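Accompanying notes for the structure given below.
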Number of protein chains: 2
Amino acid sequence: MYTVKELGDLTGLSSRTLRYYDSINLLSPAELSESGYRLYDKRSVDRLQQILFYRERGLPLKEIKRILDDPSFDEIKALQKHRRQLIEEQKKLSQLISTLEKTLIEKKGTITMSDKEKFEGFKKVMVDENSRIYGEEVEAAYGSEKLNKANKQILKMSEKDFDKWKILEKYIISTLKNLLERDVISDEEKSTLGGMHREWLSFTWDTYSTAMHEGLVEMYLADDRFKAYYDDRAGNGAAEVLVNAVKVYTKELHENQPK
Amino acid sequence: MYTVKELGDLTGLSSRTLRYYDSINLLSPAELSESGYRLYDKRSVDRLQQILFYRERGLPLKEIKRILDDPSFDEIKALQKHRRQLIEEQKKLSQLISTLEKTLIEKKGTITMSDKEKFEGFKKVMVDENSRIYGEEVEAAYGSEKLNKANKQILKMSEKDFDKWKILEKYIISTLKNLLERDVISDEEKSTLGGMHREWLSFTWDTYSTAMHEGLVEMYLADDRFKAYYDDRAGNGAAEVLVNAVKVYTKELHENQPK
DNA sequence: TTTAAACCTTAACGTTACGTCAAGGTCAAG
DNA sequence: CTTGACCTTGACGTAACGTTAAGGTTTAAA
């Protein structure tokens with residue numbers, strides 16, 4: 001049995017918040033002590049965990065209450081949905097960090113960003129409760145129209161992404177080809193190429209670190225298969241140029257001389 | 001020049017929000033049209049981007065205004081701080097997903113969780129404007145490698161994912177090869193390797209628990225075929241290094257104690 | 001050329017999810 | 001037996017908008 005303070009410390013919530021949740025009947029204590037203290041038990045704790053997962057996803061408390069109090073509520077399915085949503089959220093964050101890093105480099109004067117690019121990653125992950133948790137019921141009731149629309153959007157998106165991914169790769173290779181014909185390559189050009197490669201990478205890697213990026217391209221050199229891939233497509237020495245470009249790019253991310 | 005709606009569409013904000021930001025002097029339009037329409041220019045757009053980065057980190061608008069209006073405000077430094085903070089946020093999310101996955105496994109009846117474990121990852125990332133100004137090295141030390149993404153398994157493994165899977169495996173092996181040539185391997189490096197292995201694993205495993213992860217790598221040692229697989233590719237003793245690395249990684253996950 | 005849709009404006013009230021007193025009761029430790 | 005850290009129920013405050021109302025402007029089509 002936990003008191004409000006204890007449960008608050010456990011979860012990071014304030015006592016006031018727990019009292020508020022009681023007042024709106026979102027989370028009532030298991031019982032009251034003789035002197036009227038709220039006492040929470042294991043079941044409350046589990047319910048609170050669910051509440052916080054939903055809250056983390058940005059659902060209003062009223063909606064959370066509706067969902068949790070629904071007799072057909074399926075805890076496991078809800079948790080799986082949470083996981084998908086959080087993974088989406090993580091993607092958004094990665095995107096945001098990527099936008100931020102691009103901005104950083106832009107401020108240092110080597111690239112320019114479109115206004116649209118400046119806000120990639122900010123927009124909210126869509127929270128559509130109806131389309132999955134009660135997927136079957138919704139479909140039964142309203143036909144599969146709404147559901148299909150949602151699903152189609154995901155498919156369409158990834159198809160588009162896939163195209164973008166391939167285009168980006170082609171672009172990298174043609175840039176490499178261009179640069180190989182030149183005697184001198186400026187750091188700016190290298191950084192731009194490194195950034196392109198990073199963007200290409202971000203389609204397949206959800207998390208990014210400069211160390212890992214450098215490690216990957218170093219592997220390009222060590223592994224003949226990868227080296228051959230770039231050399232074949234863009235010309236001899238292409239892999240080396242790319243590795244060098246990525247290093248310039250990651251170095252710029254770490255340094256902080258303005259302009 | 002953008003009107004409210006246009007800027008709103010660009011950023012994902014509502015017109016009302018932009019009008020509100022104007023009313024509190026957080027973001028004023030560059031000028032007003034003849035008929036009184038708000039018109040935003042490039043400078044507004046850049047300022048708005050900064051505002052949104054701060055907002056994403058959870059700072060109250062009043063504080064954001066104070067920071068941006070401070071004459072000593074350094075845009076580049078601010079962006080770098082955003083980056084560190086967002087990476088921190090990413091870490092929290094990974095932790096949360098891990099908690100969620102543990103909960104899922106618990107619900108399926110194979111493990112039990114302490115009440116404390118049930119809330120790991122919920123607590124807010126500290127938003128401390130003043131601390132950590134001198135933390136550039138910290139950033140280098142804990143890159144986001146450790147922050148692995150959970151299961152891609154939701155979707156069937158696409159061609160794209162399959163490539164990533166193979167690249168990741170190559171990368172693990174080349175890291176192993178590197179580490180084998182060294183006398184001392186830090187816990188950081190081990191943990192990073194363990195995290196990579198987990199990410200690799202997540203392509204084929206639906207759910208994750210540290211116990212399962214440990215169990216799997218222990219099997220690597222017991223089963224000669226697995227041991228040979230890594231030893232052949234990365235050198236003698238590679239399997240042991242990997243097992244050790246995974247143990248460091250899972251231990252860190254349990255202790256929730258970075259560094 | 002007019003007319004309807006889709007913008008824009010200010011003003012004002014509503015809402016969510018709490019924070020913050022205030023005034024008082026309870027409990028374990030010293 | 002007193003002190004300090006808890007707890008209680010109000011009740012008002014607040015941040016960051018959403019929403020509605022009442023009306024003016026722009027644009028593109030009929």
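Below, read A as the first sequence line, B as the second, and so on, with proteins coming before strands; counting in each chain starts at 1. Quantities reported herein were computed from a predicted structural model and do not represent experimental measurements.
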The residue among A:E6, A:K42, A:E31 that forms side-chain contact (heavy atoms from CB on, under 4.5 Å) with A:M1 is A:E31
From D:dT8, C:dC18, C:dC8, pick the nucleotide closest to the side chain of A:R55?
C:dC18
Enumerate the residues from residues 15-25 of chain A whose closest heavy atom to DNA chain C is under 4.0 Å, giving them by residue number; use none for an empty result.
A:R16, A:T17, A:Y20, A:Y21
Should the ring pair A:Y54 and A:H82 be called parallel, tilted or perpendicular, given that the plane angle runs from 0 to 90° and is split at 30 and 60?
perpendicular
Spacing between A:L32 atom CG and C:dT26 atom C1', to the nearest angstrom:
14 Å
Specify the separation, in whole Å, of atom NZ of B:K65 and atom P of D:dA15.
14 Å
Side chain to side chain donor-acceptor pair (under 3.5 Å) partners of B:S15, counting only residues at least two apart:
none
Counting N and O atoms only, with roles assigned by atom type, does the side chain of A:R47 sit under 3.5 Å from a partner on the main chain of A:L26, one being a donor and the other an acceptor?
yes
Backbone N or O of A:L13 within a donor-acceptor pair of the A:T17 side chain at under 3.5 Å?
no
B:L61 atom CG is separated from D:dT14 atom P, nearest whole Å, by 16 Å
Grab the CE-P distance between A:M1 and D:dC7 for me, whole Å please.
15 Å
Can you tell me how far P of C:dG25 sits from CZ of A:R38, to the nearest Å?
18 Å
Between A:T3 and D:dC7, is there a contact of a side-chain N or O with OP1 or OP2 at under 4.0 Å?
yes
Does A:D46 reach the main-chain N or O of A:Q49 with its side chain, forming a donor-acceptor pair under 3.5 Å?
no
Rounded distance in Å - CD (B:E63) to P (D:dA15):
13 Å
Tell me whether the side-chain N/O atoms of A:K62 come closer than 4.0 Å to OP1 or OP2 in C:dT16.
yes
Nearest-Å distance, CG (A:L59) to C1' (C:dT15)?
17 Å
Looking at every strand, decide which applies to B:S33 at a 4.0 Å heavy-atom threshold: base, sugar-phosphate, or nothing.
nothing
Between CD of B:E34 and P of C:dT9 the distance, given in whole Å, is 15 Å
The criterion is side chain to side chain donor-acceptor pair (under 3.5 Å); which residues satisfy it with A:E75, sequence neighbours excluded?
B:K107
D:dT26, OP1 or OP2 - any side-chain N/O from B:S35 closer than 4.0 Å?
yes
